[in-house]
Amino acid sequence: MSETSELKKGTEESQPASNERDAQKGKYMTFKSGSEYYGLKIQYVKEIIQFQTITVIPETEDYIKGLINLRGKVIPVIDVRLRFKQAPIEYDDRTCIMVINVKSTTVGLIVEKIAEVVEIKEENILPPPSIGRIDKAQNKYVYGIGKVGDSVKLLLDPDKLLNDEDLSAGEQDDDTEEDE
């Protein structure tokens with residue numbers, strides 16, 4: 001009987017999941033880094049948590065701040081400002097960790113300030129401009145520019161943000177070896 005009730009529960013949960021995906025279509029969690037506002041598709045965002053103690057991993061990239069224990073699961077944490085080669089800032093009470101899941105990899109992103117959830121229709125998303133070498137380096141994580149009223153949000157590709165060349169202190173090692 002418990003198997004049947006669990007199977008039924010699983011079926012009930014999968015139905016709203018597709019409705020939930022439809023409801024999330026075109027929605028982005030926006031956050032501030034430096035003077036710009038960035039957006040990530042809300043489907044990648046699992047939760048937003050208060051800043052907490054981070055265990056430092058020696059000899060990693062400067063933007064990989066370390067590891068946190070989130071309800072028994074150890075996840076790597078990246079400082080978005082440092083990832084974008086911006087000057088570091090001191091963390092304050094607005095600093096939080098946005099926990100995202102990309103291709104079954106869970107990572108925490110340290111962001112200065114969560115802004116809001118916005119809806120951006122496909123027709124309001126433009127490709128990023130490709131002017132000069134510096135812009136291309138900055139835009140390697142940006143797949144589009146979302147127009148929201150009179151402002152714009154830089155829309156991030158979370159896969160490129162996490163897997164540029166070197167992330168995750170070991171989590172990507174298996175993938176790298178398979179690719180070679």
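One is the number of the first residue; the rest follow in order along the sequence. Just the heavy atoms: all of them, side chains too, but no hydrogens, waters or symmetry mates, feed the values below.
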Working to the nearest 0.5 angstrom, can you tell me the gap between K160 NZ and Y141 OH?
10.5 Å

Give the cluster check for V74 versus I57: same hydrophobic cluster or not, with ILVMFWY residues linked at side-chain heavy-atom distances below 4.5 Å.
yes

Indicate the ring-plane relationship of F51 and Y91, choosing parallel, tilted or perpendicular according to the 30° and 60° boundaries.
tilted

Whether the side chain of T30 engages the backbone of G39 through a donor-acceptor N/O pair (distance < 3.5 Å, no angle test) should be reported.
no

Do D92 side-chain atoms and T95 backbone N/O form a donor-acceptor pair below 3.5 Å?
yes

Residue of the set R81, K32, R94 for which side-chain hydrogen bond (donor to acceptor under 3.5 Å, both in side chains) holds with E112
R81

What's the spacing between N124 CG and L126 CG if we round to 0.5 Å?
8.0 Å

Contact summary for P128 and V142, nearest pair of heavy atoms:
CG-O, 3.6 Å

If we only count heavy atoms from C-beta on, is the I75 to I68 side-chain gap below 4.5 Å?
yes

When every non-hydrogen atom of I110 is compared with those of K65, the smallest separation belongs to CD1-CG, 3.7 Å

Which atom of I145 lies closest to which atom of P127, heavy atoms considered
CG1-O, 4.1 Å

Spatial distance of atom CD (Q86) from atom CG (L82) [nearest 0.5 Å]:
8.5 Å

Could you check whether atom CD of E122 has more than 12 heavy atoms from other residues, nucleotides or ligands sitting under 6.0 Å from it?
no

Could you give me the CA-CA distance, side-chain angles and deciding distance for K113 and Y37, then say whether side-chain contact (heavy atoms from CB on, under 4.5 Å) is met?
CA-CA 10 Å; K113 174 181 147 188; Y37 282 88; 3.9 Å; yes

Do L154 and V117 sit in one hydrophobic cluster, given that two such residues count as connected whenever their side-chain heavy atoms are within less than 4.5 Å of each other, even indirectly?
yes

Hey, could you give me the CE/CD1 distance between M29 and I114, rounded to the nearest 0.5 Å?
5.5 Å

Decide yes or no for N69 and L67: does some side-chain heavy atom of the first lie under 4.5 Å from some side-chain heavy atom of the second?
no

Inter- and intrachain pairs under ring pair (Phe, Tyr, Trp, His ring centres under 6.0 Å), touching residues 102-123, at least two apart
none

Is any side-chain heavy atom of V99 closer than 4.5 Å to one of V45?
no

Which value, rounded to the nearest 0.5 Å, describes the distance between T106 atom OG1 and K73 atom NZ?
3.5 Å

Give the minimum heavy-atom separation between K147 and I120, together with the two atoms involved.
O-CG2, 4.2 Å

Output field: ring centroids F84/Y38 closer than 6.0 Å
yes

Scanning both residues in full, the closest heavy-atom pair of K27 with E119 reads CE-OE1, 4.1 Å

Looking at CD of Q43 and NZ of K25, how far apart are the two atoms once the value is rounded to the nearest 0.5 Å?
9.0 Å

Hey, are the side chains of L162 and L109 touching, using non-hydrogen atoms and a 4.5 Å cut-off?
yes

Measuring only between side-chain heavy atoms, which start at C-beta, is V102 closer than 4.5 Å to I100?
yes

Side-chain heavy atoms of V111 within contact of C96, under 4.5 Å:
yes

So do the side chains of L155 and I125 get within less than 4.5 Å of each other, counting heavy atoms only?
yes

Between D157 and Y143, what is the shortest heavy-atom contact and its length?
N-CD2, 3.8 Å

Worked check of side-chain contact (heavy atoms from CB on, under 4.5 Å) between L40 and M98
CA-CA 10 Å; L40 264 176; M98 187 171 17; 4.2 Å; yes

Side-chain contact test, heavy atoms from C-beta onward, threshold under 4.5 Å: evaluate it for D93 versus Q50 and give yes or no.
no

